[in-house]
Amino acid sequence: MKPLPLCSSPTELQLASELLPISVSPPGAMPTILKSATNLEVPQCEAVLVSAGIELIFFLVAGFTALTEKFLQRSSADRGTDELAQTLNCYMSDILKEMLIFGGDVLKFAGDAVLVLWRTPPQELAKTISLVLQCSQQIQKKHGSRNTRVGLKLQLKIGISAGPMSLLIVGGGRRQYFCIYGQALAEVCEAEELAQAGEVILSATAWELCEQRRLRTQRLAGKRAVKVGGWDGL
């Protein structure tokens with residue numbers, strides 16, 4: 001199922017505007033899917049097209065629900081929540097430091113998952129995919145599995161996609177939101193869903209655009225996406 005657009009707060013809207021190379025079209029009608037997703041009455045809407053090549057990573061902490069239950073069982077609700085937040089924050093911080101070193105920009109937080117973006121000219125997408133794979137390899141090697149004080153491990157699932165996407169700015173005055181949508185977003189969500197803990201999945205489009213000769217991959221039954229088992233010369 002194609003995911004709904006990701007909609008964000010005014011602060012994240014300002015962040016996205018700073019990160020994305022965008023061109024703005026005249027205000028237009030808000031798409032039905034956005035109105036349905038946000039259920040907001042808004043005074044204006046701007047359609048913004050991200051025309052440059054985009055590389056996306058969507059990573060999710062596997063087993064988060066079980067980890068939450070374990071923390072709450074071992075402590076009071078308030079203490080368990082605080083300990084869980086500290087554990088997750090420390091883990092996420094280490095991962096995001098690696099991604100920032102490799103040139104990624106954080107586009108969206110979603111609880112136990114993060115969407116990270118790389119901007120690149122379309123003609124350099126293949127090289128950027130190699131860079132993102134190198135980043136993913138290093139993250140899985142250094143942070144792919146981490147023990148916690150409650151006896152469960154934090155583990156990562158990583159999905160990667162590539163291609164253009166669109167950004168819709170909704171609202172006016174002090175209340176504005178942004179919504180991103182497009183094939184690249186749909187594919188990165190699908191790639192993450194296909195991944196098991198410790199795996200890196202490359203979307204169908206990213207696989208078509210990447211430097212295939214440098215990768216060792218495994219086909220997924222009935223899917224065009226591939227699991228990356230290793231890569232040479234990165």
Side-chain angles (χ1 to χ4, degrees), residues 2-3 6 19-21 50-62 91-108 113-146 153-166 180-234:
K2 186 175 181 178
L6 295 180
L19 297 183
L20 301 178
V50 181
S51 56
I54 294 295
E55 180 76 20
L56 294 174
I57 278 187
F58 186 36
F59 72 85
L60 179 131
V61 179
Y91 189 50
M92 290 288 199
S93 177
D94 289 342
I95 295 167
L96 291 174
K97 284 178 184 176
E98 299 287 346
M99 291 192 173
L100 293 174
I101 289 172
F102 278 85
D105 288 318
V106 177
L107 183 59
K108 177 69 179 177
V114 179
L115 184 65
V116 182
L117 171 149
W118 273 258
R119 298 172 295 170
T120 183
Q123 64 272 21
E124 295 183 10
L125 266 175
K127 291 182 178 179
T128 304
I129 292 171
S130 294
L131 176 68
V132 172
L133 284 170
Q134 182 183 4
C135 175
S136 300
Q137 178 191 40
Q138 185 158 313
I139 287 171
Q140 286 288 25
K141 183 178 180 180
K142 295 173 65 175
H143 310 294
S145 180
R146 179 175 296 183
K153 290 184 177 181
L154 291 168
Q155 293 180 294
L156 282 182
K157 302 165 56 181
I158 297 178
I160 299 172
S161 74
M165 66 181 184
S166 298
I180 58 174
Y181 58 97
Q183 182 177 345
L185 179 61
E187 286 195 0
V188 80
C189 292
E190 180 186 23
E192 181 277 318
E193 289 178 358
L194 291 171
Q196 301 296 316
E199 293 182 349
V200 177
I201 301 294
L202 208 56
S203 75
T205 300
W207 169 242
E208 292 173 1
L209 295 171
C210 74
E211 299 173 307
Q212 295 184 8
R213 68 188 184 280
R214 305 175 68 182
L215 301 182
R216 298 191 298 276
T217 60
Q218 178 182 332
R219 290 285 184 177
L220 302 177
K223 302 293 182 180
R224 294 172 59 215
V226 300
K227 179 170 72 172
V228 180
W231 35 91
D232 302 315
L234 294 179

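Hydrogens, waters and symmetry mates are skipped; everything else that's a heavy atom, side chains included, is used.
Of the residues Asp105, Ile57, Leu125, the one that meets the side chain to side chain contact (heavy atoms under 4.5 Å, CB included) test with Trp118 is Ile57. Checking Leu56, Val188, Val228, Leu133 one by one against Ile160, the side chain to side chain contact (heavy atoms under 4.5 Å, CB included) holds for a single residue, Leu133.
In this structure, the side chains of Leu117 and Met165 come closer than 4.5 Å at one or more pairs of heavy atoms. Side-chain contact check for Leu202 versus Thr217: every heavy-atom pair is 4.5 Å or farther apart. For the pair Leu156 and Tyr91, the minimum side-chain heavy-atom distance is below 4.5 Å. Here the side chains of Phe59 and Leu96 are in contact, with some heavy-atom distance below 4.5 Å. Side-chain contact between Lys223 and Ile201 is absent, with no heavy atoms from C-beta onward closer than 4.5 Å. With a 4.5 Å cut-off on side-chain heavy atoms, Gln134 and Leu131 count as touching. The closest side-chain heavy-atom distance from Ile129 to Glu211 is not below 4.5 Å. Residues Val200 and Gln137 fail the side-chain proximity criterion, which asks for heavy atoms closer than 4.5 Å.
Side-chain N or O atoms of Ser161 include one that pairs as donor or acceptor with a backbone N or O of Ala184 at under 3.5 Å.
A pairwise comparison of heavy atoms in Lys157 and Glu193 identifies NZ-O, 4.2 Å as the closest pair. The shortest heavy-atom contact between Ala113 and Met92 is N-CE, 3.9 Å. Nearest heavy atom pair, residue Cys210 against residue Leu215, reads SG-CD1, 3.5 Å. When every heavy atom of Ala206 is checked against every heavy atom of Ala162, the shortest pair comes out as CB-N, 4.1 Å.
Residue pairs meeting the salt bridge (Lys or Arg N to Asp or Glu O under 4.0 Å) criterion with at least one partner in residues 194-206, sequence neighbours excluded, are Glu199-Lys227.
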Item to complete: Could you walk me through whether Leu185 and Phe58 pass the side-chain contact (heavy atoms from CB on, under 4.5 Å) test, one step at a time?
Response: CA-CA 9 Å; Leu185 179 61; Phe58 186 36; over 6 Å; no

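Every residue two or more places apart in sequence or in another chain that forms a side chain to side chain donor-acceptor pair (under 3.5 Å) with Ser203 is listed here: Glu187. Evaluation of the side chain to side chain donor-acceptor pair (under 3.5 Å) rule for Thr128 yields Thr120 as partners, not counting sequence neighbours.
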